[in-house]
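We number each residue from 1, following the sequence as shown.
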Amino acid sequence: MILYLIKNNFKLIFRNKWAVLVMLVGPILTIAMLSSAFRSLMSSYEVPDEFTVGYRDNGSVISANIDTIKEAGKEAGIIFSEYPEGDPEGLIQKNDLSAFVEFNKDEYDLYKSGDHKTECSITEYFIDRVMSKGVDAAIDTMAPAGGMTSEIPVTQLEFMPAIDSTDYYGIIYIVYFFSLGIICATGMLSSEKKNGIEKKFRICSLSAVQIYLARLIPTAAVVMCCALAETLLSVMMFDIHWGVPLVSAAVVVLVILAGCTFGFLLYSISRNMALTVIALFSTIWTMGFLGGSFETYMFSDIAENVKRISPFYFANRSLVELSCMGHSDYVISTFIRLGAITVICAVLTIFTDMIRKRGKA
């Protein structure tokens, strides 16, 4: 029965050919326009030979290794200058600092200069590696013979190389557009409501889980096929470079699943396709804005802790770093966050449908 329902839902999805067409045409047009418009901006992402960053240590976990960090920073072209007192923003202007870092107990605050965005990006990446990896972990294998003081391996603290605007937008707009995969299901959901199929579900032998999977599987499958076709087309047209294909593909698949399950949750709550689309676009736009879909996350002035609210930030950063470096520390975090969104949304949708079915049975 469930296989017949999945097959039927495939047919219903393709009845609304415009929705599928938008998913195919939208990303490629956006990639073409934005990669060209922002080529000059991305090409300005060049690494300066040396720049100065102010810092203040407020009893952080890295206090004992601050000298080692300063030496490692110098190797990467970052000169850390200590300022025990004073307003960080005022110190940046007065001393022409590229950025200012306040090291707190187990976190840090980074104050950025609007005139030194490239340097701020380098500093942010450098400090993030130190704080997330931990100094001890970074220097663990570098202790010289005889018990001498260890040094942080500079190879573990490299900043992200420049990335071409075409690669950047060619990657993140695959993520952005295909997180809206529920749009492909509009034909199926509208048909269910129009023909009273929902009422028949309440008296059939299929469980809420089976009905949910019969909707999710064809929707996700169609969106994944569209994403694959779009990716291959964009690679052929714009020579976009995806790093570590299997890992990148896994990230995109999880984005699609998270987007579809979130869309079905919104529909389960509202039972109105128009309200679902409005709520979905509003949420995805906001998360995309925070996560670098409209302004590159490297140049964004949004605070780091705010950007981390968005799952797009982790997905975009993972894919971009995989593209230009071949690895990313954000892959695991991306898997965890997107996996959690998928499971939670699926469970809540099934639970909501079960409650509604019992109430109207």
Side-chain angles (χ1 to χ4, degrees), residues 47-48 50-140 150-160 290-292 295-310 313-314 316-318 320-321 325 328-334 336-337:
V47 181
E50 191 174 274
F51 57 91
T52 303
V53 172
Y55 81 91
R56 180 177 301 146
D57 184 11
N58 298 323
S60 67
V61 294
I62 62 171
S63 295
N65 301 97
I66 195 68
D67 291 336
T68 307
I69 292 172
K70 290 171 68 175
E71 287 298 321
K74 186 180 295 185
E75 291 293 328
I78 306 173
I79 306 301
F80 285 100
S81 181
E82 185 175 13
Y83 293 87
E85 298 179 353
D87 175 59
E89 294 180 355
L91 291 170
I92 288 176
Q93 295 179 357
K94 182 179 179 181
N95 300 281
D96 192 28
L97 302 175
S98 298
F100 192 96
V101 186
E102 278 194 323
F103 293 105
N104 300 313
K105 184 178 179 181
D106 54 1
E107 59 182 9
Y108 69 93
D109 294 319
L110 178 63
Y111 299 84
K112 302 179 180 180
S113 169
D115 299 327
H116 301 276
K117 290 191 175 183
T118 301
E119 292 89 332
C120 289
S121 300
I122 295 172
T123 304
E124 181 178 0
Y125 189 79
F126 182 93
I127 299 300
D128 185 66
R129 291 297 299 269
V130 171
M131 296 297 285
S132 62
K133 285 285 189 179
V135 176
D136 291 338
I139 66 177
D140 185 46
S150 302
E151 294 183 359
I152 297 177
V154 177
T155 53
Q156 294 296 316
L157 297 171
E158 292 176 349
F159 48 80
M160 190 182 73
L290 296 177
E295 180 185 23
T296 62
Y297 68 82
M298 291 91 74
F299 293 127
S300 176
D301 291 327
I302 300 172
E304 180 74 12
N305 57 344
V306 176
K307 287 190 287 188
R308 287 175 177 270
I309 296 173
S310 170
Y313 174 71
F314 290 88
N316 289 341
R317 187 156 185 171
S318 294
V320 170
E321 290 183 0
M325 296 193 300
S328 175
D329 293 336
Y330 286 78
V331 171
I332 300 300
S333 298
T334 302
I336 293 173
R337 282 168 170 78

Of all the heavy-atom pairs spanning [X] and [Y], show the shortest one and how long it is.
X	Y	value
Thr123	Ile78	CA-CD1, 4.3 Å
Ser318	Thr334	OG-OG1, 2.7 Å
Arg308	Phe314	O-CE1, 3.2 Å
Leu290	Ser310	CB-CB, 3.9 Å

Nearest 0.5 angstrom please: [X] [atom1] to [Y] [atom2], how far?
X	Y	atom1	atom2	result
Arg317	Lys307	CZ	NZ	7.0 Å
Ile127	Ile69	CD1	CD1	7.0 Å
Asp109	Phe103	CG	CZ	10.5 Å

*Can you sort out the partners of Asn58 under side chain to side chain donor-acceptor pair (under 3.5 Å), two or more places apart, ordered by chain and number?*
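Partners of Asn58 by the side chain to side chain donor-acceptor pair (under 3.5 Å) criterion, ordered by chain and then number, come out as Asn104.
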
*With sequence neighbours left out, write down each residue that passes side chain to side chain donor-acceptor pair (under 3.5 Å) with Ser328, or none if nothing qualifies.*
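Residues passing side chain to side chain donor-acceptor pair (under 3.5 Å) with Ser328: Glu321.
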
*asked:* Between Asn316 (side chain only) and Gly291 (backbone N and O only), is there a donor and an acceptor less than 3.5 Å apart?
replied: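 Yes.
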
*Between the side chain of Arg56 and the main-chain N/O of Glu102, is any donor-acceptor distance below 3.5 Å?*
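No; zero donor-acceptor contacts below 3.5 Å.
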
*Can you sort out the partners of Phe100 under ring pair (Phe, Tyr, Trp, His ring centres under 6.0 Å), two or more places apart, ordered by chain and number?*
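Result, ring pair (Phe, Tyr, Trp, His ring centres under 6.0 Å) vs Phe100: none returned.
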
*side-chain contact (heavy atoms from CB on, under 4.5 Å) partners for Glu89, two or more places apart*: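 side-chain contact (heavy atoms from CB on, under 4.5 Å) list for Glu89, sorted by chain: Asp87, Tyr111.
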
*Only counting residues at least two apart or in another chain, list the ones meeting side-chain contact (heavy atoms from CB on, under 4.5 Å) with Lys70.*
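Residues passing side-chain contact (heavy atoms from CB on, under 4.5 Å) with Lys70: Tyr55, Ile66, Asp67, Phe80.
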
*With Arg337, which residues qualify under salt bridge (charged side-chain N to carboxylate O under 4.0 Å, His left out), at least two apart?*
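Salt bridge (charged side-chain N to carboxylate O under 4.0 Å, His left out) check on Arg337 returns nothing, list empty.
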
*Does the side chain of Phe126 come within less than 4.5 Å of Val53's, by heavy atoms?*
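SC-SC contact between Val53 and Phe126 ruled out.
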
